[in-house]
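For reference, the structure is listed below as structure tokens.
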Protein chains: 2
Amino acid sequence: MSKSRTPSIKMVADRAGVSVATVSNVLNGKPTVSPDFARRVNDAVRELGYVVDLGASRLRSRKTQLVGVVVPDLTNPMFASFVSTLEHLARLDDYDLVVVSARNNAEEEADRLRKIRAWRPAGLIVIPCDGAFAERLPNGFFAPVVLADRIPDAAGFDLIAVDNGPAAGAIAAHLDEQGYRDCMVVGSSLSISNVRERWEGVQAAVRRMHVEMLEIGIDDANGAQRLEERLRRRPLPGALFSLDHGTTLLTYRAMAEIGLSVPGDLAFASFDDMEWMQLVAPGITAVRQPIEEMAEQAWALLLRRMTGSAGKPVTRRLRCAVEIRGSTPRSPLEEAGNMKLGGEKWKLQDEPYSPE
Amino acid sequence: MSKSRTPSIKMVADRAGVSVATVSNVLNGKPTVSPDFARRVNDAVRELGYVVDLGASRLRSRKTQLVGVVVPDLTNPMFASFVSTLEHLARLDDYDLVVVSARNNAEEEADRLRKIRAWRPAGLIVIPCDGAFAERLPNGFFAPVVLADRIPDAAGFDLIAVDNGPAAGAIAAHLDEQGYRDCMVVGSSLSISNVRERWEGVQAAVRRMHVEMLEIGIDDANGAQRLEERLRRRPLPGALFSLDHGTTLLTYRAMAEIGLSVPGDLAFASFDDMEWMQLVAPGITAVRQPIEEMAEQAWALLLRRMTGSAGKPVTRRLRCAVEIRGSTPRSPLEEAGNMKLGGEKWKLQDEPYSPE
DNA sequence: AGCTTACAATAAAACGTTTCACCAGAATTT
DNA sequence: AAATTCTGGTGAAACGTTTTATTGTAAGCT
């Protein structure tokens, strides 16, 4: 039996009785091609089930339809959704994606960047681990790079992110207005730009409320320990504001474990709105990031660069939405204040929160 | 200014003062290489920041470190987690992943399969949209294929899945034992093999409980409508068992919207355990799939094939875990039965519905 | 009829690798 | 000392494309 390999352009040419160049011309829709020959080529392609070898194609043409995507963690639903949207958009423009996860590790990120370079992608979309991204980019990297979600220390990249500061500030202001007097803010690490921006936004927005920050790291047992200890200590803060998805999950679970009730024992709000946050009772007040739109913008920016547009790097910020739910009701402390002015006492006991 | 392009092996050779063949030998760890020359080559590589062009490399060597991954939907956290684990394992073996989503659409899946073929991957890992996968695989596809999670109609592939039937059966038996007399089973579509297996497992496991199946499709407004109508009709079933992640989300949300309480109005259980299911109160009884282990097995199977192992296709089934939580308590009906032996009457009135 | 233009198709070079056949010299055997 | 085997290294071919330059032919112009 014949050593039949996956068909090459040469086999197509032979079967169609034309030259390889003609086959290539037909396949790439070059104008100078007679209908008759085109038909013969197309027939041969169909009969053989020929599919172009993109590796060889890129090698010669120096054009590739491949872009690399690097995210800190694929299991994070935010990033998964980001990649998913990206994948869809890329396909519409006939690009493919090589996706890698840096596992929240700067070294791995650097390693993956180097590796991905070996595919000679036409561009890169990266959600960097931390601010020192520029140092990790291989020096001789020519393809355009778009950064998303997190801001690097060094300038020089197209950038798409959300308005972390104002959005976090809105939550803080909300808690403030609801009458909470002190709020603990929890986040993974201030070395991540968006967490830092959120914290700064909180500080800028509060008026009467006192805030304190607690960093618990990423997958850091030590940090989780510190958080738990704080939650067991008294007095509790009136409110808790968690600044990123991982931290929210950890915190919410810890509160449940310790037996703290939301909002009975403390109010709770989160940056990053997950679907379960409207399924639990009471729902959790959260900032919802326009993650699909972020992916869209990232793709648009990259596409612009890949198709040759020059010019200064641009930075775009997207507006977040704030979802107020039952986990941040009017503070009982404040209610107590109002009651003196004739509030109805039973309300306090019957409905510890206002579910909306 | 010189037209400096990304460095090639030739530039490395020139700088090191050796032949291209020698550079290649050094880089690929060929044994016949003097330490002196190796050092010179490595120096040149470092100075130039040379990274091999994997496209060209594959073209000549006919070996590639690329595998394609096709999933029905990247936003589904199950699949996201699957891909994430896969990505990690692949990296350990120095493979890269091209990831595409078929968006729950057989046509798109076929399209993506054709497209991914153009990269000449060393193998494919696919979670197929439906049973007719074999027909969609391009005919001249030579790379090994491992299917996961869902079973195709046609045999001939390595296969890794979970024990859908027994696991779903365990839930059904649990509901039965808890005293529920009728249970509505909801799933996206019986054309998806694992949903079908789960439904069959339910039917095989029930003893006294009556079960009925409701298919609501995937992203099908019509199906959602039918579900909602059913939930508004009386009498309600004693229990609801949802057979896949998407359906669970939809159902749980619908119940909340309609104002049904779990387990007050009906018991609820789910195939697929999401993290929020232990965060809501009461927690939701669910089947937990070993999704990471599934990815591990898929990778192991594929790796075996890619490294040349022949032999008949194998099928492996993994054991699911069943998490019993508060959403499936002892049936009030059964409690009522017990009451005749001295139960407390008021309990019956607390439950508003009377099945049958 | 001659001369240029335009057109359709092709041969051959090039892309960056790996591999294969080969070679010079050193080391070993006869 | 001559003949053989190793050893470390190289030139050139090959992989499957695209592109450039080139060809042959038909059409358009005096």
Side-chain angles (χ1 to χ4, degrees), chain A residues 3-42 44-45 48-66 117-122 140 142, chain B residues 3-42 44-45 48-66 115 117-122 140 142-143:
Chain A
K3 280 207 54 169
S4 114
R5 277 211 301 239
T6 120
S8 74
I9 198 174
K10 178 136 199 321
M11 301 185 199
V12 175
D14 288 350
R15 173 173 268 255
V18 301
S19 72
V20 271
T22 300
V23 177
S24 177
N25 284 336
V26 171
L27 263 38
N28 296 316
K30 288 290 182 340
T32 69
V33 60
S34 83
D36 179 38
F37 273 51
R39 195 185 47 70
R40 272 156 64 190
V41 168
N42 285 322
V45 164
L48 263 55
Y50 168 77
V51 174
V52 70
D53 181 327
L54 286 174
S57 171
R58 177 197 58 81
L59 184 55
R60 175 61 232 234
S61 71
R62 309 186 142 306
K63 298 176 164 69
T64 178
Q65 304 277 75
L66 191 70
R117 204 190 149 188
W119 292 110
R120 304 288 193 266
F142 288 114
Chain B
K3 280 209 57 167
S4 115
R5 277 213 299 242
T6 119
S8 73
I9 197 175
K10 177 135 199 321
M11 302 184 199
V12 176
D14 289 349
R15 176 173 265 257
V18 301
S19 73
V20 263
T22 300
V23 177
S24 177
N25 286 336
V26 170
L27 262 38
N28 296 317
K30 288 287 181 341
T32 67
V33 61
S34 83
D36 179 36
F37 273 53
R39 195 184 46 70
R40 271 158 62 192
V41 167
N42 285 323
V45 164
L48 262 54
Y50 170 78
V51 174
V52 70
D53 181 328
L54 288 175
S57 170
R58 177 197 57 83
L59 184 56
R60 174 64 232 238
S61 70
R62 309 188 142 295
K63 298 176 164 74
T64 178
Q65 303 278 74
L66 191 69
K115 185 72 189 303
R117 204 190 149 190
W119 291 110
R120 305 286 190 268
F142 288 114

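Just so it is clear: chains get the letters A, B, ... in the order the sequence lines come, proteins before strands, and each one is counted from 1. Any value given below was found using the heavy atoms of this structure, including those in side chains, with hydrogens, waters and symmetry copies removed. Just so you know, these numbers come straight off a predicted model, no measurement behind them.
The heavy-atom pair separating A/Val20 from A/Ala13 by the smallest distance is N-CB, 3.7 Å. Nearest heavy atom pair, residue A/Leu59 against residue B/Ala56, reads CD1-CB, 3.9 Å. When all heavy atoms are compared, the tightest approach of B/Pro7 to B/Met11 is CA-SD, 3.6 Å. Between A/Val52 and B/Arg120, the shortest heavy-atom contact is O-NH1, 3.4 Å.
Listed by residue number, the members of residues 48-65 of chain A with any heavy atom below 4.0 angstrom from DNA chain C are A/Leu59, A/Arg60, A/Arg62.
Where the helix from C/dA1-D/dT30 to C/dT30-D/dA1 starts and where it ends, the local axes point in directions that differ by 50°; five pairs per end, rounded to 10°.
With sequence neighbours excluded, no residue forms a side-chain hydrogen bond (donor to acceptor under 3.5 Å, both in side chains) with B/Ser61. Annotation: side-chain hydrogen bond (donor to acceptor under 3.5 Å, both in side chains) contacts of B/Asn28 (sequence neighbours excluded): B/Ser24. For A/Arg58, the side-chain hydrogen bond (donor to acceptor under 3.5 Å, both in side chains) criterion is met by B/Asp53, not counting sequence neighbours. Residues satisfying the side-chain hydrogen bond (donor to acceptor under 3.5 Å, both in side chains) criterion with A/Arg15, sequence neighbours excluded, are A/Glu47. Take A/Ala21 and apply the side-chain contact (heavy atoms from CB on, under 4.5 Å) test, not counting sequence neighbours, and it matches A/Ser19. Residues satisfying the side-chain contact (heavy atoms from CB on, under 4.5 Å) test with B/Asp14, not counting sequence neighbours, are B/Lys10.
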Side-chain donor-acceptor pairs under 3.5 Å in residues 31-40 of chain A, sequence neighbours left out?
from: A/Ser34; atom 1: OG; to: A/Phe37; atom 2: N; distance (Å): 3.2
from: A/Arg39; atom 1: NH1; to: A/Asp43; atom 2: OD2; distance (Å): 3.2
from: A/Arg40; atom 1: NE; to: A/Ala16; atom 2: O; distance (Å): 3.3
from: A/Arg40; atom 1: NH2; to: A/Ala16; atom 2: O; distance (Å): 3.2
from: A/Arg40; atom 1: NH2; to: A/Gly17; atom 2: O; distance (Å): 3.4

I'd like a table of atom pairs between the protein and nucleotides 23-26 of chain C - only N or O on both sides, under 3.5 Å - with the distance next to each one.
none

What pairs of nitrogen or oxygen atoms, one from the protein and one from nucleotides 8-11 of chain C, lie under 3.5 Å apart?
from: C/dA9; atom 1: OP1; to: A/Ser34; atom 2: OG; distance (Å): 2.9
from: C/dA9; atom 1: OP2; to: A/Ser34; atom 2: N; distance (Å): 3.0
from: C/dT10; atom 1: OP2; to: A/Ser19; atom 2: N; distance (Å): 3.0
from: C/dT10; atom 1: OP2; to: A/Ser19; atom 2: OG; distance (Å): 3.1
from: C/dT10; atom 1: OP2; to: A/Thr22; atom 2: OG1; distance (Å): 2.4
from: C/dT10; atom 1: O5'; to: A/Ser19; atom 2: OG; distance (Å): 3.4

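Between the CD atom in A/Gln65 and the NZ atom in B/Lys115 there is a gap of 6.5 Å [rounded to 0.5 Å].
From the 5' end on, the contacts that DNA chain D makes with chain B at under 4.0 Å to a non-hydrogen atom open and close at D/dG8 to D/dT17.
Across A/Val41, A/Thr6, A/Ile9, a single residue satisfies side-chain contact (heavy atoms from CB on, under 4.5 Å) together with A/Tyr50, and that is A/Ile9.
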Open item on the list: One pair to check against side chain to side chain contact (heavy atoms under 4.5 Å, CB included): B/Val18 and B/Val23. What are the steps and the verdict?
Closed with: CA-CA 7 Å; B/Val18 301; B/Val23 177; 3.7 Å; yes
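Considering only side-chain N and O atoms, B/Lys30 lies under 4.0 angstrom from the phosphate OP1 or OP2 of C/dT19.
Whole-Å rounding puts the B/Ile9 CD1 to C/dT19 P distance at 11 Å.
Base engagement by B/Ser24 is indicated by at least one non-hydrogen atom pair under 4.0 Å involving a base atom.
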